[in-house]
Amino acid sequence: MADAATVDQSVNDVDVVVVGAGFAGMYMLHRLRELGLSAVVIEAGTDVGGTWYWNRYPGARCDVPSMEYSYSFSEELQQEWQWTELMSAQPEILEYARHVADRFDLRRDILFETKVIAADFDEDDNRWTVTTDTGQCHRARWCIMATGCLSVPNVPNLPGLERFEGELYHTGDWPKVEPNLTAKRVGIIGTGSSGVQAIPVLAQRAGHLTVFQRSPVYTIPANNKPLRPETAEAFKERYGEIRQRQRVSVTGILGPTALREPRPKPADGAPRAARPGLLDLTPEERQAVFDEHGHGAFQRFADVYRDPAANAIACELFRQQIRKLVHDPLVAEALEPRDYPLACKRQVIDTGYYETFNRDNVTLVDLRRQPLLEITAQGVRVDGEDIELDVLVLATGFDAMTGALERIDIRGRDGVLLRDRWVGGPRTYLGLQVEGFPNLFTITGPGSPSVLSNVIVAIEQHVEWIADCLGHLMEHGRATIEPTEGAVEQWVAHVNEVAEGTMYVAPDCNSWYLGSNIEGKARVFMPYVGGLGRYRQRCDEIAANGYEGFVLA
Ligand code: NA7
């Protein structure tokens with residue numbers, strides 16, 4: 001084994017280079033140490049936390065309950081940490097990441113403020129050479145990309161953007177010193193998760209807020225609240241069992257069922273009666289459900305997620321409820337999503353989003369009616385009208401899932417570049433490895449459940465699988481591991497097959513899951529929708545069968 005990482009040398013020999021010190025990189029480092037391996041983690045930021053380090057915009061918050069969106073690998077950690085809210089805000093999650101780094105003494109092997117620019121595989125000695133923007137070289141047997149699925153902010157090609165003289169911010173790269181927005185004229189472009197979370201808070205802080213909306217969103221109330229100490233205690237008492245249920249579940253999120261006793265199986269062994277679908281109800285019954293439960297009521301009906309007819313009815317009922325929440329009928333109409341189905345994009349949840357448009361200091365500009373023309377020195381010009389702004393916020397999303405990997409010059413066998421290999425869309429085996437790139441692993445890579453699940457559960461599963469795999473390679477004296485072309489082919493086909501028939505791939509759906517938010521990106525559904533539990537089982541079977549589909553040389 002090489003010595004522990006000595007990061008001040010120009011060539012640093014380690015067993016493993018990990019790229020990124022978010023939740024994936026931190027846990028990976030911990031597991032590598034347990035294997036007795038030396039490692040260096042290279043991180044662009046000044047601290048740990050990944051997504052929760054960069055996304056500091058006002059209102060940034062997790063959309064998964066924190067008792068579940070947290071590491072399960074350490075019983076002591078999960079017992080001692082206290083969350084204060086059901087779904088915590090960014091500062092608390094970042095604080096948690098920092099606590100984990102301190103508690104497991106991770107920082108001594110993390111190289112901060114350093115960006116990886118290239119990673120080359122040397123076939124002669126089966127080593128990766130990882131080069132950074134500070135000119136350092138790290139040589140390692142294994143290279144593990146913990147680069148995150150949503151880590152490259154998308155700055156759209158807006159005409160005149162470079163001319164804007166006011167303050168310009170991207171939600172995904174928010175300044176550490178909170179900008180003072182008091183009395184300022186603020187504009188925000190984008191109404192995805194980030195925009196929807198930021199808008200209500202920006203409206204409270206700014207003098208005036210103008211929202212530039214291209215696609216209205218189907219957002220539903222987050223119903224966040226303080227976490228009651230009794231609830232936290234009940235979780236902690238049953239954490240072992242709850243974590244196990246998370247691991248084998250579809251999404252890694254138990255939600256309100258986490259603390260409920262499992263429903264008894266019918267005594268006669270007959271399958272449980274299915275809950276009625278939206279199409280099983282009369283129009284009056286549907287109306288009554290939406291009137292009682294509001295626009296989020298569609299979530300009660302499974303057919304909305306797979307039957308276009310049920311989906312269309314739910315969309316109409318959703319729009320009708322929005323008209324009740326927004327006072328100005330023209331604004332309400334502009335906020336109604338019409339061009340794409342429910343459940344095609346990632347579900348957005350909000351706190352007071354629609355109500356924000358009833359405020360006197362908020363204006364909505366509907367870019368469907370008035371396409372955004374240009375950014376000027378003083379603001380935004382729409383349809384010949386100048387809207388003056390002191391601050392412009394881009395909530396325009398990310399080059400998701402492949403962006404961070406493709407921005408590094410990753411060269412595998414024969415000098416082939418990963419981004420060239422993926423020109424037609426990412427191709428992986430299990431979202432963990434790419435053919436022709438031996439000993440390179442991607443945590444929550446495309447082709448794995450990743451963003452369709454509680455990503456911490458997905459991260460832990462990948463980290464543990466990779467750690468076991470490295471242990472296996474060492475135990476059996478194998479120098480390299482990489483998937484066969486056939487295994488990749490089959491896995492990609494399987495990923496596509498399970499996505500078929502879901503709203504995610506509906507013809508009128510455009511989402512970052514499909515890469516369609518980025519100009520020129522291949523339209524390919526990237527995450528694995530078959531469920532975390534099923535995916536885990538497949539990964540475990542593959543390992544148990546001697547790493548079926550991989551070549552261990
Ligand atoms: P999203 O969900 O990709 O949302 C980006 C928003 O920005 C969306 O409303 C886009 O409209 C809009 N957008 C992007 N480019 C433009 C241009 N050129 N003009 C106008 N509007 C534009 O990113 P988020 O950061 O909100 O959320 C990403 C994930 O992070 C989220 O799902 C959570 O998992 C956390 P469009 O819909 O493309 O018409």
Side-chain angles (χ1 to χ4, degrees), residues 22-23 50-52 54-64 69 87 89-90 93 148-161 169-174 187-199 202 210-220 222 251 253 334-335 337-341 343-350 353 364-375 380-382 392-401 403-404 444 449-456 458 504 508-521 523 526-527:
F23 280 81
T51 274
W52 301 105
W54 299 103
N55 285 268
R56 297 161 188 256
Y57 60 86
R61 177 179 294 289
C62 192
D63 56 3
V64 175
Y69 186 91
M87 287 172 279
Q90 174 271 336
I93 305 174
C149 296
L150 296 157
S151 48
V152 176
N154 167 40
V155 178
N157 195 8
L158 298 165
L161 187 60
Y169 305 115
H170 193 291
T171 47
D173 189 10
W174 197 258
I188 181 166
I189 299 177
T191 51
S193 276
S194 306
V196 164
Q197 287 189 335
I199 285 164
L202 293 176
T210 307
V211 178
F212 299 93
Q213 171 198 262
R214 184 165 72 182
S215 303
V217 56
Y218 294 99
T219 172
I220 58 173
T251 61
I253 307 167
L335 286 166
R338 290 195 175 273
D339 308 328
Y340 65 101
C344 122
K345 303 192 191 204
R346 186 181 167 100
Q347 183 62 55
V348 175
I349 62 176
D350 71 87
Y353 179 69
L364 179 67
V365 175
D366 183 357
L367 299 177
R368 287 181 302 183
R369 282 170 183 269
Q370 306 154 280
L372 180 61
L373 284 188
E374 60 176 316
I375 311 289
V380 175
R381 184 169 299 153
V382 183
L392 179 58
V393 176
L394 301 178
T396 44
F398 302 88
D399 184 353
M401 309 209 59
T444 63
S450 58
V451 290
L452 292 180
S453 62
N454 175 345
V455 81
I456 308 253
Y504 293 125
D508 45 357
C509 182
N510 287 310
S511 70
W512 56 260
Y513 293 139
L514 287 160
S516 44
N517 62 328
I518 302 294
E519 231 178 286
K521 194 164 172 176
R523 185 184 163 92
M526 294 181 282

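Source: prediction; values computed, not measured. We count ligands from 1, going down the list as the structure has it; atoms in each ligand are counted the same way.
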Provide the closest heavy-atom pair for Gly190 versus Ile199 in the form atom of the first, atom of the second, distance.
O-CD1, 4.3 Å
Report yes or no: does Arg368 contribute a side-chain atom to a donor-acceptor pair with the main-chain N or O of Ala334 at less than 3.5 Å?
yes
Within ligand 1, which atoms have a heavy atom of Lys345 less than 4.0 Å away?
37 (O)
For ligand 1, does Ser193 get within less than 4.0 Å through its side chain, its backbone, both, or neither, judged by non-hydrogen atoms?
both
Ligand-side contact atoms (ligand 1) for residue partner Ser194, heavy atom cut-off under 4.0 Å:
24 (P), 25 (O), 26 (O), 27 (O)
Is the distance between the ring centroids of Tyr57 and Tyr169 under 6.0 Å?
no
Atom OG1 of Thr396 and atom CZ of Arg214: how far apart are they, to the nearest 0.5 Å?
9.0 Å
I need the contact type for Val451 against ligand 1. Using non-hydrogen atoms and a strict under-4.0 Å cut-off, is it side chain, backbone, both or neither?
neither
Where Pro527 and Pro449 come nearest, the two heavy atoms and their spacing:
CB-O, 4.3 Å
Considering only heavy atoms of Ser215, which atoms of ligand 1 have at least one such atom less than 4.0 Å away?
36 (P), 37 (O), 39 (O)
Would you kindly specify which portion of Leu158 sits under 4.0 Å from ligand 1, judged on non-hydrogen atoms: side chain, backbone, both or neither?
side chain
Could you identify the single nearest non-hydrogen protein atom to atom 28 (C) of ligand 1 and state the distance to 0.1 Å?
Trp512 NE1, 3.7 Å
Could you tell me whether Ala395 and ligand 1 have an N or O pair separated by under 3.5 Å?
yes
Check for a donor-acceptor pair, side chain of Arg346 on one end and backbone N or O of Val451 on the other, with a separation under 3.5 Å.
yes
Hey, is Leu150 touching ligand 1 through its side chain, its backbone, both or neither, going by heavy atoms under 4.0 Å?
side chain
State, to 0.1 Å, how close Tyr504 and Cys509 come at their nearest heavy-atom pair, and which atoms those are.
O-SG, 3.5 Å
For the pair Arg61 (side chain) and Gln197 (backbone), establish whether a donor and an acceptor sit closer than 3.5 Å, ignoring hydrogens and angles.
no
For atom 20 (C) of ligand 1, what's the nearest protein heavy atom and its distance?
Ile189 CG2, 3.5 Å
Atom 4 (O) of ligand 1: which protein heavy atom is closest, and how many Å away?
Gly192 CA, 3.5 Å
What part of Phe212, side chain, backbone, both or neither, has a heavy atom within less than 4.0 angstrom of ligand 1?
neither
Val382 and Val365 have their tightest heavy-atom pair at CG1-CG1, 4.1 Å
Subset of ligand 1 atoms that lie under 4.0 Å from at least one heavy atom of Gly397:
3 (O), 5 (C), 23 (O), 24 (P), 25 (O)
Closest to atom 11 (O) of ligand 1 by heavy-atom distance, out of Arg214, Arg368, His170, is Arg214
If you compare all heavy atoms of Gly172 against all heavy atoms of Asn55, which two are closest, and at what distance to 0.1 Å?
CA-OD1, 3.3 Å
The protein heavy atom nearest to atom 9 (O) of ligand 1 is Thr191 N, 2.9 Å
Backbone N/O of Thr191 and side chain of Gln213: donor-acceptor pair under 3.5 Å
no
If we only count N/O pairs under 3.5 Å, is Asn517 in contact with ligand 1?
no
Nearest atoms (heavy-atom pairs only) where Ile188 meets Gly195
CD1-CA, 4.1 Å
N/O separation below 3.5 Å, Asn154 to ligand 1
no
Do any N/O atoms on Arg346 end up under 3.5 angstrom from N/O atoms on ligand 1?
yes
Can you name the atoms of ligand 1, numbered from 1 with element, that are less than 4.0 Å from a heavy atom of Pro156?
15 (N), 18 (N)
With heavy-atom distances below 4.0 Å as the criterion, list the atoms of ligand 1 near Gly190.
6 (C), 7 (O), 9 (O), 12 (C)
